[in-house]
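Okay, so here's the structure we're looking at.
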Amino acid sequence: MAKGTPATGWAAKDPSGVLSPYSFSRRSALKDDDVTIKVLFCGICHTDLHIAKNEWGNALYPVVPGHEIVGVVTDAGPGVKNFKAGDTVGVGYFVDSCRSCVSCGSGHENHCPTLVLTSNAVDYDGATTQGGFSDVLVVDQGYVVRVPEGLPLDGAAPLLCAGVTVYSPMMEFGLNAPGKHLGVVGLGGLGHMAVKFGKAFGMTVTVISSSPSKREEAVERLGADAFLVSQDPEQMKAAAGTMDGIIDTVSAGHPIVPLLELLKPRGQLVVVGAPSTPLELPAYAIIGGGKRVAGNLVGSIGSCQAMLDFAGKHGITADVEVVKMDYVNTAVERLERNDVRYRFVIDVAGSQLGAAA
């Protein structure tokens with residue numbers, strides 16, 4: 001094993017996706033701008049499931065998943081100016097970028113063509129990145145964000161991916177104005193965050209779901225203004241042309257033409273879920289009314305920090321079920337069945353991680 005910061009995590013080692021204890025090493029030497037972080041909590045995202053089971057065909061086994069990470073700084077390189085030992089911080093979907101492309105230069109490093117993901121990626125030094133299902137991270141300070149005081153840390157962890165994934169396009173496409181009408185497709189990890197941000201912005205929020213059973217949850221508990229059953233043609237027809245924008249969070253294949261029909265002229269549909277099957281988009285569905293479809297991948301570091309600051313001001317966190325690491329395989333199985341409300345979060349610091357070669 002190469003010399004460096006020793007780490008213990010849980011890794012998937014084959015397409016079964018089963019995770020088990022795994023010992024490895026972080027950077028061989030702390031760089032000037034690096035911070036070492038003790039991981040406290042890490043969310044479990046659908047992306048972790050896809051990667052662990054190699055459903056996207058790009059798994060670099062063994063892979064330690066996890067990119068919704070909250071922890072505390074334990075050490076900092078001599079060039080670190082933004083953080084010190086004891087600071088509560090977060091790390092999201094990526095840990096580096098080229099810093100020289102158009103996207104990086106314009107503050108949109110999340111669109112860098114050589115983005116280095118927090119797990120299951122090849123870093124610029126050739127090492128495979130390993131994520132937050134582990135006890136320690138070493139990350140360049142430029143890819144670390146500060147967690148506001150007062151936010152419960154377990155509920156803050158999913159903000160690092162689920163939160164910024166919906167917040168960022170809401171800001172970019174003007175879906176943050178009081179009085180505007182926002183549709184949120186799906187009421188899972190991303191969807192419930194979109195509802196919370198939409199209401200904090202002062203918007204009218206309608207949850208769109210194929211499950212009528214989620215109505216009470218959406219309206220009574222999360223505060224959505226309305227609930228629309230996507231499988232009900234009469235409801236969909238009555239709501240046609242009423243929405244300024246829609247955030248589509250669904251990760252399973254589904255038709256988007258009915259969603260486009262809900263938009264006002266020049267309305268915006270933003271796809272943030274990642275179905276494994278292609279979306280079907282006939283030209284007629286966007287030509288009439290000049291409707292627009294966009295995608296979004298998490299958010300920049302600046303957007304992530306702005307999102308956390310906004311969440312801190314408004315007391316926004318994810319609704320979570322906290323589990324220990326030895327429950328992670330059961331949690332992944334339940335996630336695959338959508339049996340969670342709304343995010344599993346691993347209490348990494350409170351778990352016995354075990355050790356393995």
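We count residues from 1, following the sequence as given.
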**Request:** Indicate whether any N or O donor in one side chain lies under 3.5 Å from an N or O acceptor in the other, for R26 and T36.
**Result:** no

**Prompt:** Parallel, tilted or perpendicular: which describes the rings of Y93 and H67, with under 30° parallel and over 60° perpendicular?
**Reply:** perpendicular

**Residue pair Y124 / T114, side-chain donor-acceptor N/O under 3.5 Å** = yes

**Prompt:** Is it true that a side-chain atom of D135 and a backbone atom of A7 form a donor plus acceptor pair closer than 3.5 Å?
**Reply:** no

**Item:** Residue among T5, D140, D34 satisfying side chain to side chain donor-acceptor pair (under 3.5 Å) with R27
**Value:** D34

**Request:** Group every Ile, Leu, Val, Met, Phe, Trp and Tyr by side-chain heavy-atom contacts under 4.5 Å, then state whether L187 and I208 land in the same group.
**Result:** no

**Message:** Please determine whether residues I316 and V70 belong to a single hydrophobic cluster, defined as Ile, Leu, Val, Met, Phe, Trp and Tyr linked transitively by side-chain heavy-atom distances below 4.5 Å.
**Reply:** yes

**Asked** With no hydrogens and no angle check, is any side-chain donor or acceptor of D32 less than 3.5 Å from a backbone partner on P78?
**Response** no

**Prompt:** Nearest heavy-atom pair of I51 and Y61: which atoms, and what distance?
**Reply:** O-OH, 4.0 Å

**Request:** Please step through side-chain contact (heavy atoms from CB on, under 4.5 Å) for the pair V91 and Y143, ending with a clear verdict.
**Result:** CA-CA 7 Å; V91 177; Y143 300 83; over 6 Å; no

**Prompt:** In terms of hydrophobic clustering (I, L, V, M, F, W, Y; side-chain heavy atoms under 4.5 Å; direct or indirect links), are V332 and V18 co-clustered?
**Reply:** no

**Item:** Any side-chain heavy-atom pair of R99 and E109 under 4.5 Å
**Value:** no

**Minimum heavy-atom distance between C304 and V164, given as atom pair plus value** = CA-CG2, 3.7 Å

**Item:** Exercise: do S351 and Y327 side chains pair donor with acceptor under 3.5 Å
**Value:** no

**Request:** Please confirm whether the backbone N or O of G189 pairs with a side-chain atom of H192, one donor and one acceptor, at under 3.5 Å?
**Result:** yes

**Request:** Hey, could you give me the CG/OG distance between L117 and S97, rounded to the nearest 0.5 Å?
**Result:** 11.0 Å

**Request:** Following the transitive rule for hydrophobic clusters with a side-chain heavy-atom cut-off under 4.5 Å over Ile, Leu, Val, Met, Phe, Trp and Tyr, establish whether M243 and I247 coincide in one cluster.
**Result:** no

**Message:** side-chain contact (heavy atoms from CB on, under 4.5 Å) for T249 and M193? Distances and angles first, verdict last.
**Reply:** CA-CA 10 Å; T249 73; M193 293 307 312; over 6 Å; no

**Message:** To the closest 0.5 Å, what do you measure between CG (L353) and OG (S23)?
**Reply:** 9.5 Å

**Request:** Spell out, as yes or no, whether a donor-acceptor pair under 3.5 Å connects the side chain of T88 to the backbone of V147.
**Result:** no

**Atom pair CG (D123) and CG (D96), whose distance is rounded to the nearest 0.5 Å** = 6.0 Å

**Asked** When clusters are formed by joining ILVMFWY residues with side-chain heavy atoms under 4.5 Å apart, either directly or through shared neighbours, do F173 and I246 land in the same one?
**Response** no

**Request:** Identify the two heavy atoms, one from A194 and one from L182, that lie closest to each other, and give their separation to 0.1 Å.
**Result:** O-CD2, 4.2 Å

**Salt bridge flag under 4.0 Å for residues D309 and R146** = no

**Item:** Verdict with reasoning, F201 to M171, per side-chain contact (heavy atoms from CB on, under 4.5 Å)
**Value:** CA-CA 10 Å; F201 285 136; M171 297 295 290; 3.7 Å; yes

**Request:** Output the distance between atom CG (L137) and atom CD1 (I69), rounded to the nearest 0.5 Å.
**Result:** 4.5 Å

**Prompt:** Less than 4.5 Å apart, any side-chain heavy atom of D347 and any of F41?
**Reply:** yes

**Request:** Calculate, to the nearest 0.5 Å, the distance between atoms CG and CD belonging to N58 and E55 respectively.
**Result:** 11.0 Å

**Request:** Carefully, step by step, assess E336 and L49 under the rule side-chain contact (heavy atoms from CB on, under 4.5 Å).
**Result:** CA-CA 8 Å; E336 202 163 18; L49 186 157; 3.7 Å; yes

**Prompt:** Does the N296 side chain pair with the main chain of V298, one donor and one acceptor, at a distance under 3.5 Å?
**Reply:** yes

**Prompt:** Does a side-chain heavy-atom distance below 4.5 Å link E333 with D339?
**Reply:** no

**Asked** Knowing that exactly one of L335, L159, I44, L190 qualifies, which makes a side-chain contact (heavy atoms from CB on, under 4.5 Å) with R343?
**Response** L190

**Message:** Determine whether a donor-acceptor pair (N or O, by modelled atom type, separation under 3.5 Å) exists between the side chain of D87 and the backbone of V89.
**Reply:** no

**Prompt:** Do F197 and M307 have side chains that get closer than 4.5 Å, going by heavy atoms?
**Reply:** yes

**Prompt:** How close do S16 and K53 get, heavy atom to heavy atom, and via which atoms?
**Reply:** O-NZ, 3.3 Å

**Request:** Take the angle between the ring planes of H46 and H50 and call it parallel below 30°, perpendicular above 60°, tilted in between.
**Result:** tilted

**Message:** Using only atom types and a distance under 3.5 Å, with no angle test, would you say the side chain of K180 pairs donor to acceptor with the backbone of G174?
**Reply:** yes

**Message:** Between T8 and M325, is there a side-chain heavy-atom distance shorter than 4.5 Å?
**Reply:** no

**Asked** Do S251 side-chain atoms and P275 backbone N/O form a donor-acceptor pair below 3.5 Å?
**Response** no

**Request:** Using atom types as modelled and distance alone, determine if a side-chain donor or acceptor of D244 lies under 3.5 Å from a backbone N or O of H181.
**Result:** yes

**Asked** Does any non-hydrogen side-chain atom of V145 lie less than 4.5 Å from one of L160?
**Response** yes

**Request:** Verify the distance criterion only: is there a donor paired with an acceptor across the side chains of E217 and Y342 at less than 3.5 Å?
**Result:** yes

**Item:** Validation row: L281, L260 side chains within 4.5 angstrom (heavy atoms)
**Value:** yes

**Fill in**
Closest non-hydrogen contact found for P62 with A11 is CB-CB, 4.2 Å

**Asked** What closest approach, in Å, do A12 and L19 show between heavy atoms, and which atom pair accounts for it?
**Response** N-CD2, 3.8 Å

**Request:** State yes or no: are the ring centers of F133 and Y22 separated by less than 6.0 Å?
**Result:** no

**Message:** Is the shortest side-chain heavy-atom distance between L228 and L262 below 4.5 Å?
**Reply:** yes

**Item:** Backbone N/O of R266 and side chain of R292: donor-acceptor pair under 3.5 Å
**Value:** yes

**D326 CG to I346 CD1 distance, which is reported to the nearest 0.5 Å** = 10.5 Å

